[in-house]
Engineer: 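One structure coming up, written as structure tokens, with questions to follow.
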There are 2 protein chains.
Amino acid sequence: MVSLEEVAKLAQVSPATASRALSRPDMVAKETRERVLEAARQLGYQPNQLARSLRQRSSRSLGLIITDILNPFHATVAKGVQDAAEKHDYTVFLFNTDEDPEKERRALNALRGHLPQGLLIVPTPRTRENLKLVANLPTIELDRQSGTPGAHSVMVDNVGGARSAVEHLTALGHRRIGMIVGRLDITTAVERHQGYREALAAAGLPYREELVLPGNHREEGGRVAAHALLSRPPDERPTALFVGNNEMTVGAVLAARELGLRIPEDLSIVGFDDSRWARTMQPALTVVAQPEYDIGFLACETLLSLLRHGKAVQPIRIRLATTLIVRDSTAPPGHASSQP
Amino acid sequence: MVSLEEVAKLAQVSPATASRALSRPDMVAKETRERVLEAARQLGYQPNQLARSLRQRSSRSLGLIITDILNPFHATVAKGVQDAAEKHDYTVFLFNTDEDPEKERRALNALRGHLPQGLLIVPTPRTRENLKLVANLPTIELDRQSGTPGAHSVMVDNVGGARSAVEHLTALGHRRIGMIVGRLDITTAVERHQGYREALAAAGLPYREELVLPGNHREEGGRVAAHALLSRPPDERPTALFVGNNEMTVGAVLAARELGLRIPEDLSIVGFDDSRWARTMQPALTVVAQPEYDIGFLACETLLSLLRHGKAVQPIRIRLATTLIVRDSTAPPGHASSQP
DNA sequence: AAAAAAACTGCAAACGTTTGCAGTAGTTGA
DNA sequence: TCAACTACTGCAAACGTTTGCAGTTTTTTT
């Protein structure tokens with residue numbers, strides 16, 4: 001590793017001047033600067049970020065903590081963050097919690113030692129507590145809210161998205177619409193559930209508890225829940241299903257297939273969150289699409305501007321719009337099933 | 001940020017002793033050690049990794065450079081790496097090149113400044129050159145080879161995997177088998193192509209150039225190539241397709257659908273690399289599955305043991321086996337198409 | 001032409017650790 | 001009882017930068 005001192009020696013200046021030539025070019029004479037730059041080039045000098053960060057007490061880096069890198073939604077968010085960060089010459093430390101609060105705690109501790117300037121986090125149910133580990137580190141919450149008072153957040157309009165999905169179903173004539181809702185200790189699930197209720201109410205339909213089942217946000221949870229809902233007697237079985245996240249939607253589709261239900265003739269399905277799988281499965285899935293990439297990109301930009309312009313007085317709460325994409329998995333309820 | 005000095009003060013020892021109490025416990029008296037540990041706990045002390053790394057001239061961290069975080073294959077590899085690293089208390093710096101050698105160069109430079117102890121990289125066609133930026137940083141190549149002499153690598157048996165796929169097709173009776181091969185400046189594509197040739201030869205079938213088309217490794221490239229192959233006159237059209245990576249396989253399936261070809265009646269398809277999409281599409285896709293997670297995990301473990309035990313004299317070259325998973329997208333050639 | 005200002009450069013300290021070395025106290029052996 | 005260990009602890013330097021301050025040279029102003 002070639003150090004600044006060697007560059008300085010080659011350029012016949014002091015390390016101080018060499019440092020300035022590289023990071024505050026206008027503070028040094030043109031000729032000197034060029035000598036230093038040339039020397040640096042010749043030696044292939046790359047500044048030691050550790051030393052620099054240590055001295056400056058901050059590290060031109062950000063932490064990003066997501067809950068599941070294997071979920072394309074999160075992977076895309078991460079890419080948005082990284083692209084925005086790279087644009088501003090920041091490095092991103094990525095950690096993965098697998099929805100496990102303990103792993104989240106470890107991640108935060110590890111992160112701390114690297115003195116990031118800010119944090120982007122997809123909260124778990126214990127984040128509010130864990131965030132104390134990095135008190136007064138500028139933080140933006142992504143996708144969900146931890147409930148930390150005064151927290152900044154970038155999310156989508158879950159209520160509106162869910163409502164548009166369910167209104168689409170009611171408009172098609174469905175009257176028994178089930179929902180697989182997710183864990184109610186995660187705000188997205190609560191909000192989507194809320195949208196579901198609102199849409200039912202708007203259509204003058206009663207809310208029926210027995211048609212709403214929780215799932216664990218994974219494929220298997222969706223499959224189990226869908227199985228339960230769809231195994232009800234024909235005249236009590238929902239004719240349509242609204243599923244609260246992408247993974248569970250896969251499970252729901254599989255359950256429908258296992259039960260020999262045709263989509264959309266016997267069952268309409270709307271999922272939350274688009275994916276290649278949803279686009280290319282047959283029939284193509286009607287979904288509420290989220291701007292995943294933008295969530296990450298915008299959140300990162302917001303965080304960086306927060307860092308530049310000092311703390312905001314008001315908590316920043318950004319809600320991005322969702323888009324209902326109607327494909328082939330939704331249709332009017334079939335004649336086969338009796339209507340109440 | 002609470003520093004070691006404050007801990008030391010609270011425990012009434014020197015910073016040196018505090019340091020030792022935390023990182024070489026057996027060098028300090030039991031009673032002292034406990035006092036220090038208690039003080040650290042009380043203050044919520046977390047060591048400043050930057051300072052530590054600076055002093056130790058190494059940073060208990062690894063670099064991971066992949067080409068596309070949105071590709072589930074790479075995301076899974078990354079997860080394998082991260083899990084292994086976390087197990088050994090290493091931090092991973094993740095960078096994304098989007099297959100762009102220039103971004104790769106930037107990533108390597110950024111990485112350099114963080115003094116990682118090792119590097120795991122999925123090479124691009126320019127990696128061999130770019131790696132000079134981090135000369136003598138212990139490095140393992142993943143999935144592909146850069147051609148750097150003496151490089152360590154962890155890959156799958158691409159030749160064998162491709163051969164098993166194509167042998168499956170020949171065994172079913174296919175005689176006109178097309179291949180969408182990928183970029184020939186990437187070793188995986190070359191090797192899979194090689195396996196394809198070997199399987200044809202083993203079945204006594206001629207290699208026909210016109211049935212082999214390159215693709216750009218993305219969905220669109222696969223679609224275009226498949227379109228071209230499948231638009232040939234019926235008696236020259238391949239009855240089966242072997243596609244060289246997961247993204248292109250999606251494109252190929254879409255192309256078949258656009259052309260109204262039924263899978264597997266009119267066309268058998270085998271893809272390389274499994275995915276949820278492949279499992280759940282209908283008909284479920286026959287694929288050559290790779291142990292993605294293991295690639296990452298094993299590569300990381302190997303790198304870490306390399307770090308512990310000094311440089312290996314021999315380059316390490318690990319090849320993991322693939323598995324042919326036969327599902328519903330392959331069948332004997334249909335009666336509709338004439339046989340040569 | 002002298003004074004004042006501006007432009008540039010170098011010295012040295014600091015960031016928070018770790019670690020070689022030396023010093024002190026307590027213990028063992030003769 | 002004294003020497004030689006052993007066990008522990010502290011001092012101070014070092015890692016590679018950045019930056020406040022002061023010193024020197026050059027330029028501008030009067």
Side-chain angles (χ1 to χ4, degrees), chain A residues 1-37 39-40 43-61 89 91 109-117 134, chain B residues 1-40 43-61 89 91 109-117:
Chain A
M1 199 73 189
V2 24
S3 80
L4 192 54
E5 193 169 343
E6 305 174 52
V7 174
K9 194 171 295 174
L10 180 57
Q12 314 202 51
V13 294
S14 74
T17 302
S19 168
R20 280 187 282 251
L22 293 166
S23 38
R24 351 271 279 295
D26 42 332
M27 284 186 70
V28 6
K30 178 157 179 262
E31 198 209 316
T32 321
R33 181 180 41 210
E34 281 167 358
R35 238 176 32 244
V36 173
L37 260 46
L43 298 176
Y45 170 74
Q46 192 69 13
N48 181 324
Q49 296 296 343
L50 299 168
R52 168 182 291 188
S53 304
L54 179 61
R55 169 60 220 237
Q56 295 184 145
R57 323 200 53 171
S58 93
S59 76
R60 211 163 182 78
S61 68
D89 222 32
T91 302
N109 263 334
L111 193 57
R112 218 149 53 113
H114 292 278
L115 305 196
Q117 290 187 9
V134 291
Chain B
M1 199 73 189
V2 24
S3 78
L4 191 54
E5 195 171 340
E6 305 174 51
V7 175
K9 192 170 298 173
L10 180 57
Q12 314 201 57
V13 294
S14 74
T17 302
S19 168
R20 281 186 282 249
L22 293 167
S23 36
R24 352 270 279 295
D26 42 332
M27 286 186 69
V28 5
K30 177 155 180 264
E31 197 209 317
T32 320
R33 181 180 41 206
E34 280 169 358
R35 232 171 42 240
V36 173
L37 258 45
E38 171 57 19
L43 299 174
Y45 170 74
Q46 192 69 13
N48 181 326
Q49 295 297 341
L50 299 169
R52 167 182 291 188
S53 305
L54 180 62
R55 170 59 219 245
Q56 297 187 143
R57 321 201 55 171
S58 92
S59 75
R60 213 163 180 77
S61 68
D89 220 33
T91 301
N109 262 333
L111 193 57
R112 226 162 29 127
H114 292 277
L115 307 195
Q117 290 186 11

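We name chains A, B, ... by the order of the sequence lines, and we start the count at 1 in each one. Note that the structure is predicted; figures quoted are calculated from it, not measured.
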Engineer: Atom NZ of Lys30(B) to atom C1' of dG26(C): distance rounded to whole Å?
Structural biologist: 19 Å

Engineer: Roughly how far, to the nearest 0.5 Å, is the NE2 atom of His114(B) from the CD atom of Gln46(A)?
Structural biologist: 10.0 Å

Engineer: Among the candidates dG10(D), dG16(D), dA12(C), find the nucleotide nearest to the side-chain atoms of Leu54(A).
Structural biologist: dG16(D)

Engineer: How close or far is atom P of dT18(C) from atom CD of Gln56(B), stated in whole angstroms?
Structural biologist: 6 Å

Engineer: What is the nucleic acid contact for Met1(A), judged by heavy atoms within less than 4.0 Å: base, sugar-phosphate only, or nothing?
Structural biologist: nothing

Engineer: Select base, sugar-phosphate, or nothing to describe what Ser3(A) touches, counting heavy atoms under 4.0 Å on all strands.
Structural biologist: sugar-phosphate

Engineer: Taking only the side-chain nitrogens and oxygens of Ser14(A), find out if one of them lies under 4.0 Å from OP1 or OP2 of dG10(C).
Structural biologist: yes

Engineer: Give a yes/no answer on whether the side chain of Thr32(A) brings an N or O atom under 4.0 Å of OP1 or OP2 in dT9(C).
Structural biologist: yes

Engineer: Where the side chain of Val13(B) is concerned, which of dG10(D), dT17(D), dC8(C) is the nearest nucleotide?
Structural biologist: dG10(D)

Engineer: Side chain of Ala51(B): nearest nucleotide among dG10(D), dC11(C), dT17(C)?
Structural biologist: dT17(C)

Engineer: Rounded to the nearest angstrom, tell me the gap between atom CD in Glu34(A) and atom P in dC8(C).
Structural biologist: 13 Å

Engineer: In whole Å, what is the span from the CG atom of Leu22(B) to the C1' atom of dT17(C)?
Structural biologist: 11 Å

Engineer: Taking side chain as C-beta onward, heavy atoms only, is Leu10(B) less than 4.5 Å from Leu43(B)?
Structural biologist: yes

Engineer: Less than 4.0 angstrom between a side-chain N/O of Ser19(B) and OP1 or OP2 of dT17(C), yes or no?
Structural biologist: no

Engineer: With a 4.0 Å cut-off on heavy atoms, is Ser53(A) in touch with a base, just the backbone sugar-phosphate, or nothing at all?
Structural biologist: nothing

Engineer: How do Pro15(A) and Pro15(B) order along DNA chain D: which one's closest nucleotide is nearer the 5' end?
Structural biologist: Pro15(B)

Engineer: Is a side-chain donor or acceptor of Arg20(A) paired with a backbone partner of Val28(A) at a separation under 3.5 angstrom?
Structural biologist: no

Engineer: From NZ of Lys9(A) over to P of dT17(D), roughly how many Å is that when rounded to an integer?
Structural biologist: 13 Å

Engineer: Tell me which nucleotide among dT18(C), dT17(C), dG16(D) gets nearest to the side chain of Arg57(B).
Structural biologist: dG16(D)

Engineer: Find the distance between OG1 (Thr32(A)) and CG (Leu37(A)) and round it off to the nearest 0.5 Å.
Structural biologist: 11.0 Å

Engineer: Output yes when a side-chain donor or acceptor of Glu34(A) lies under 3.5 Å from a complementary backbone atom of Glu31(A), and no otherwise.
Structural biologist: no

Engineer: Just checking Ala29(B): base, sugar-phosphate only, or nothing, at a heavy-atom cut-off of under 4.0 Å?
Structural biologist: sugar-phosphate

Engineer: Could you give the CZ-to-P distance, from Arg20(A) to dT17(D), as a whole number of Å?
Structural biologist: 15 Å

Engineer: Would you classify Arg24(A) as touching base, sugar-phosphate or nothing, given that sugar-phosphate means primed atoms plus P, OP1 and OP2, and contacts are heavy atoms under 4.0 Å?
Structural biologist: sugar-phosphate

Engineer: Check the distance between dT17(D)'s P and Gln46(A)'s CD and give it to me in whole angstrom.
Structural biologist: 10 Å

Engineer: Working to the nearest 0.5 angstrom, can you tell me the gap between Arg57(B) CZ and Leu50(A) CG?
Structural biologist: 11.0 Å

Engineer: Just the rounded figure in Å: distance from P of dA14(D) to CZ of Arg52(B).
Structural biologist: 22 Å

Engineer: Give a yes or no on whether a donor-acceptor pair under 3.5 Å exists between the nucleobase atoms of dT18(D), that is its base, and the side chain of Arg55(A).
Structural biologist: yes

